[in-house]
Amino acid sequence: MEGLLLFILGLFILAAVFRLPFFVYILYVFFGLYLLSRVWVDRSAKALACRRDYLPRAFHGERIPVKLEVRNKGWLPLPYVRLHESLPVRLISPNFQRAVVSFLPKEKVTLDYELEGRRRGYYPLGPLTIHTGDLFGIRSVELQIPSDDHLTVYPRIIPLPELGLPAQTPMGTLATQQRIYEDPSRIIGVRDYQIGDSLRRMHWKASAAAGKLQVKRLEPAISIEAQIFLNLDAAAYTQGRVHDATELGIITAASIAHALVSKRQTVGLCTNGSDPLAEDHRYITLPPRKGTGHLVNILEALARVGTSEGHSFGDLLQQASMHLSWGGTAVVITAHADEELFSQLLMMKRNGFHIVLIVTDAREPFAAVRERARAVGIVAYEVWQERDLDVWRAR
């Protein structure tokens, strides 16, 4: 374009000096082309808009089809447009999509591609870079269309059908051998009346049919109210195992939450990891709830969260345990168990909570940790790799 301006300037000098009509005519033509190309390309480029059609959430390993729709909202055609879609390298390789297209007025073009949820995370899609110009090469424009589109990939979930957590909350849905916890809504039969039976347990219809007093037989059941405490302070892990151990902790937390929700139990999540969507909140705290919707909230938090620096796990235990009812279960997932952590777990135990300790980066022989935990009534597990979760799988 600078060469064209110099050419026009030269024509202007020649036309002014020699006063030749031909040079004046050529000057008008090139100057008109220059102005037309500049206005045409600038206006047309600003009239381009894009929209992505995709599911914003995906499970680990799932393939996600994306439709990128680019529309020319203006009345001017574009002879060529080079599109460059920027994508996360963890979802696709190479991490871009390219295409060269042309647009008629009000025309739209669709670019199809697939992403693969190979790793959990919260990924931005875009921006879309557009390069366009006129056929004469006089004017070219490159611009980016910003995007708020993101894709959330949930962490891997390992089925744990044999997961059993201690609890003392009666009137639940999980069968138990403790006859003291009987659920009045779960009638499994009747029996003959015995002296001392409450009138509230009388089955009057069965008594009338049998001609003698009958009493309801209730199924013993408990309810588990669990809070998962996940330590993601990078300083707590050994340097060479920070990534593997924290990812393993996230997988364990997601799997336990999924197992409890599938059994209609109550579960919550507390972690000191960093959340890209959090502004002033130091910790992620989701109080115990039931239902699939709450599980989705937990999985989304675990998908986004990353390691943090200097966020005390001890402070997290102290603050978040207030959301847990007496008799509930605290599932503590951390790197290792030191003196400070054992002191806090013992205090929670004395306050009426059940404790399940899961370590993913033990700094001492785990047998010693397990014996020490057993001595104070704490159940301890070591999860060094994914197959260690087999302890809760179907046998």
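Residue numbers count from 1 along this sequence.
- Val101 and Tyr80 are members of different hydrophobic clusters when ILVMFWY side chains are connected at heavy-atom separations under 4.5 Å.
- Stacking of Arg43 on the aromatic ring of Trp75 is not recorded, the 6.0 Å distance cut-off and the 45° axial limit not both being met.
- Between Val356 and Thr329 there is a side-chain heavy-atom pair separated by less than 4.5 Å.
- Annotation for Asp148: atom CG does not count as buried by contact number, only 12 or fewer foreign heavy atoms lying within 6.0 Å.
- Residues Gln214 and Asp192 form a side-chain contact, since some pair of their non-hydrogen atoms from C-beta on lies under 4.5 Å apart.
- Note: Tyr113 OH to Leu91 CG = 10.0 Å, rounded to the nearest 0.5 Å.
- A donor-acceptor pair under 3.5 Å links the side-chain atoms of Ser308 to the main chain of Asn272, judged by distance alone.
- Within the cation-pi definition used here (under 6.0 Å to the ring centroid, within 45° of the axis), Arg120 does not qualify as a partner of Tyr154.
- Between Arg52 and Glu85, at least one side-chain nitrogen of the basic residue sits less than 4.0 Å from a carboxylate oxygen of the acidic one, meeting the salt-bridge criterion.
- At least one donor-acceptor pair closer than 3.5 Å links the side chain of Asp388 to the backbone N or O of Gln385.
- Distance alone, capped at 3.5 Å, is enough to place a donor-acceptor pair between the Lys349 side chain and the Gly377 backbone.
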| task | Report the C-alpha separation of Leu111 and Gln97 in whole Å, then their side-chain angles, then the decisive distance to 0.1 Å, and conclude whether the side-chain contact (heavy atoms from CB on, under 4.5 Å) test is met. | result | CA-CA 9 Å; Leu111 179 64; Gln97 290 288 319; 4.0 Å; yes
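- Using a 4.5 Å cut-off on side-chain heavy atoms (C-beta onward), Thr266 and Leu260 make no contact.
- The cationic group of Arg98 lies under 6.0 Å from the six-membered ring centre of Phe96 and within 45° of the ring axis, placing it in a cation-pi geometry.
- Looking at Glu364 and Arg372, no side-chain N of the basic residue comes within less than 4.0 Å of a carboxylate O on the acidic one, giving no salt bridge.
- Asp361 and Thr238 share a donor-acceptor pair across their side chains, judged by distance under 3.5 Å alone.
- Within the 4.5 Å cutoff, side-chain heavy atoms of Phe313 are placed close to those of Thr334.
- We find that Glu382 and Arg370 are not joined by a salt bridge, their nearest charged nitrogen and carboxylate oxygen being 4.0 Å or further apart.
- Interatomic distance, NE2 of His131 versus CD of Gln144, reported as 13.0 Å (0.5 Å rounding).
- Contact record, Gly273 with Leu232: CA-CB, 3.8 Å, taken as the closest heavy-atom pair.
- With Ser102 contributing its side chain and Leu78 its backbone, the two residues share no donor-acceptor pair below 3.5 Å.
- His294 contributes a side-chain N or O that, together with a main-chain N or O of Val267, makes up a donor-acceptor pair within less than 3.5 Å.
- Rounding to the nearest 0.5 Å places OG of Ser93 at 7.0 Å from CG of Asn95.
- What you find for Ser207 and Met202 is that their closest heavy atoms are OG-CE, 4.5 Å.
- Of the possible polar contacts, none joining the Gln318 side chain to the Leu316 backbone as a donor-acceptor pair under 3.5 Å is found.
- Between Ile145 and Leu48 the shortest heavy-atom distance is CD1-O, 3.8 Å.
- Across all non-hydrogen atoms, the minimal contact from Phe103 to Val109 is CE2-CG2, 3.5 Å.
- No more than 12 heavy atoms of other residues, nucleotides or ligands shown are found within 6.0 angstrom of CZ on Phe59.
- Heavy-atom minimum distance, Met348 versus Ala330: CE-CB, 3.7 Å.
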| query | When you look at Thr307 and Val242, which way does the side-chain contact (heavy atoms from CB on, under 4.5 Å) test go after all the steps? | reply | CA-CA 9 Å; Thr307 57; Val242 173; 4.2 Å; yes
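- The closest donor-acceptor contact from the side chain of Thr246 to the backbone of His243 lies under 3.5 Å.
- Clustering ILVMFWY residues whenever any of their side-chain heavy atoms sit less than 4.5 angstrom apart, transitively, puts Val215 in the very cluster that holds Trp204.
- Residue Tyr237 is not grouped with residue Leu341 when hydrophobic side chains (ILVMFWY) are merged at heavy-atom distances under 4.5 angstrom, including chains of intermediate members.
- Hydrophobic clustering, with ILVMFWY side chains joined whenever heavy atoms are under 4.5 angstrom apart, keeps Tyr122 apart from Leu286.
- You'll find the side chain of Val81 reaches within 4.5 Å of the side chain of Ile130, heavy atoms only.
- Screening Leu248, Ile333, Ile228 for a side-chain contact (heavy atoms from CB on, under 4.5 Å) with Ile358, the sole residue that qualifies is Ile333.
- Atom NZ of Lys263 and atom CG of Leu160 lie 8.5 Å apart (nearest 0.5 Å).
- Asp233 contributes no side-chain N or O that, together with a main-chain N or O of Ala236, makes up a donor-acceptor pair within less than 3.5 Å.
- Side-chain contact between Tyr283 and Asp315: present, with at least one pair of heavy atoms (C-beta onward) separated by less than 4.5 Å.
- Arg387 has its side chain out of reach of Leu389: every pair of non-hydrogen atoms, C-beta onward, lies at least 4.5 Å apart.
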| query | Between Glu386 and Arg156, does a salt bridge (Lys or Arg N to Asp or Glu O under 4.0 Å) hold up when you go through it step by step? | reply | CA-CA 11 Å; Glu386 282 189 18; Arg156 183 180 177 189; 2.4 Å; yes
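- Taking the centre of each ring, Phe366 and Trp384 stay at or above the 6.0 Å mark.
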| task | Assess whether side-chain contact (heavy atoms from CB on, under 4.5 Å) is satisfied between Lys108 and Val70, documenting all intermediate values. | result | CA-CA 6 Å; Lys108 68 177 181 180; Val70 184; over 6 Å; no
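- Connection of Leu125 to Leu277 is not established within any shared hydrophobic cluster, with ILVMFWY side chains joined at heavy-atom distances below 4.5 Å, either directly or through further cluster members.
- Taking all atoms of both residues into account, the shortest heavy-atom contact from Ser44 to Leu76 is OG-CB, 3.4 Å.
- Asn72 places a side-chain N or O within 3.5 Å of a backbone atom of Leu104 that can act as its donor or acceptor partner.
- With a 6.0 Å radius and a threshold of 12 heavy atoms from other residues, nucleotides or ligands, Lys67 has its NZ atom at or below the threshold.
- With rounding to the nearest 0.5 angstrom, the CD1 atom of Ile250 is 7.5 Å from the OG1 atom of Thr271.
- Gln227 has its side chain within reach of Cys270: a pair of non-hydrogen atoms, C-beta onward, lies under 4.5 Å apart.
- When atom types are taken as modelled, the side chain of Arg118 and the backbone of Arg90 share a donor-acceptor pair closer than 3.5 angstrom.
- In this structure, CG on Leu302 lies 5.0 Å from CG on Leu269, to the nearest 0.5 angstrom.
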| Trace of the side-chain contact (heavy atoms from CB on, under 4.5 Å) decision for Thr132 with Val41 | CA-CA 7 Å; Thr132 185; Val41 173; 4.3 Å; yes
